[in-house]
Amino acid sequence: EPTNHLDLEMRHALTVALQGFEGAVIVVSHDRHLLRNTVDEFLLVANGAVAEFKGDLSDYFQWMLEQRSADSTQGLSTRAQPGEESTQLDKKSQRQNAAARREKLKPLTNRLKKLDSTIAKLQHSLESIEQKLTDSSLYEENADNKSRLADLLKQQTKAVQELDVLEEEWLTVSEELELLQTTN
């Protein structure tokens with residue numbers, strides 16, 4: 001995480017330096033602002049392979065949601081235990097087992113849905129703040145602009161920090177859900 005322990009000024013300096021760099025750099029980060037402003041091409045590391053990702057961060061977030069949904073759907077299907085014939089389970093018991101499993105996983109899946117929604121709203125808010133920060137008139141010398149700029153920078157910092165906390169919680173809950181899905 002190249003920006004984890006950097007203050008706002010140093011994050012900006014790093015962003016500017018990366019934007020001006022003529023060579024190639026691989027950036028691995030959860031800092032969406034840094035990625036949005038410095039990355040030309042995204043790579044997707046998944047399923048034991050690396051491939052070019054066609055799209056932006058919003059597309060990646062949607063891809064993650066779809067993957068988790070697909071994994072969840074596959075994980076909820078009832079599978080026969082090793083050495084047990086799948087024909088031994090009748091359809092009724094399969095449905096009951098799947099329902100019991102969904103019920104057990106429901107609090108975590110609900111928490112993930114809520115986190116997804118909150119993260120999406122916060123990302124939208126952060127994008128709005130960052131769009132306002134691109135207005136060049138904001139940087140003209142006068143008291144109103146200084147106050148407005150300081151307020152926007154505080155809002156941006158707060159949103160980035162909240163997003164970091166929510167994304168960390170999302171990862172923790174996702175791992176917990178995945179662990180429960182694989183052990184059942």
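Here the structure is a predicted model, which is why all the values come from computation and not from measurement. All residue numbers refer to positions in the sequence shown, counting from 1.
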Would you please test Val39 and Leu34 for side chain to side chain contact (heavy atoms under 4.5 Å, CB included) and show each step? CA-CA 8 Å; Val39 174; Leu34 177 72; over 6 Å; no
Please walk me through it: do Lys132 and Leu138 pass side chain to side chain contact (heavy atoms under 4.5 Å, CB included)? CA-CA 8 Å; Lys132 290 176 187 175; Leu138 185 63; 5.7 Å; no
Steps toward side chain to side chain contact (heavy atoms under 4.5 Å, CB included) verdict (Thr38, Phe21): CA-CA 10 Å; Thr38 60; Phe21 184 68; over 6 Å; no
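In this structure, the side chain of Ser147 does not engage the main chain of Ala143 through any donor-acceptor pair within 3.5 Å. Judged purely by atom type and a 3.5 angstrom limit, Thr15 uses its side chain to pair as donor or acceptor with the backbone of Arg11. At least one donor-acceptor pair under 3.5 Å links the side chain of Asp135 to the backbone N or O of Ser137. Between the side chain of Ser117 and the main chain of Lys113, no donor-acceptor pair closer than 3.5 Å is present. Side-chain atoms of Thr157 come within 3.5 Å of backbone N or O of Leu153 as a donor-acceptor pair. Listed for the Tyr139 side chain is no donor-acceptor partner under 3.5 Å among the backbone atoms of Thr134.
When only modelled atom types and interatomic distance are considered, Asn145 and Glu141 share no side-chain donor-acceptor pair under 3.5 Å.
At a threshold of 4.5 Å between side-chain heavy atoms, the hydrophobic network of Ile, Leu, Val, Met, Phe, Trp and Tyr places Leu108 and Leu171 in one connected group. Under the 4.5 Å side-chain contact rule for hydrophobic residues, Ile119 and Trp63 share a cluster. Hydrophobic clustering, with ILVMFWY side chains joined whenever heavy atoms are under 4.5 angstrom apart, groups Leu35 together with Met64. Val27 and Leu14 end up in the same hydrophobic cluster when Ile, Leu, Val, Met, Phe, Trp and Tyr side chains are linked at under 4.5 Å.
At most 12 heavy atoms of other shown residues, nucleotides or ligands fall within 6.0 angstrom of atom CD in Glu9. Within a 6.0 Å sphere centred on CZ of Phe42, other residues, nucleotides and ligands contribute more than 12 heavy atoms. Annotation for Asp7: atom CG counts as buried by contact number, over 12 foreign heavy atoms lying within 6.0 Å.
Contact detail for Ile129 and Gln155: the closest heavy-atom pair is CD1-CB, 3.6 Å.
Rounding to the nearest 0.5 angstrom, the gap separating the CZ atom in Arg36 from the CG atom in Leu126 is 6.0 Å.
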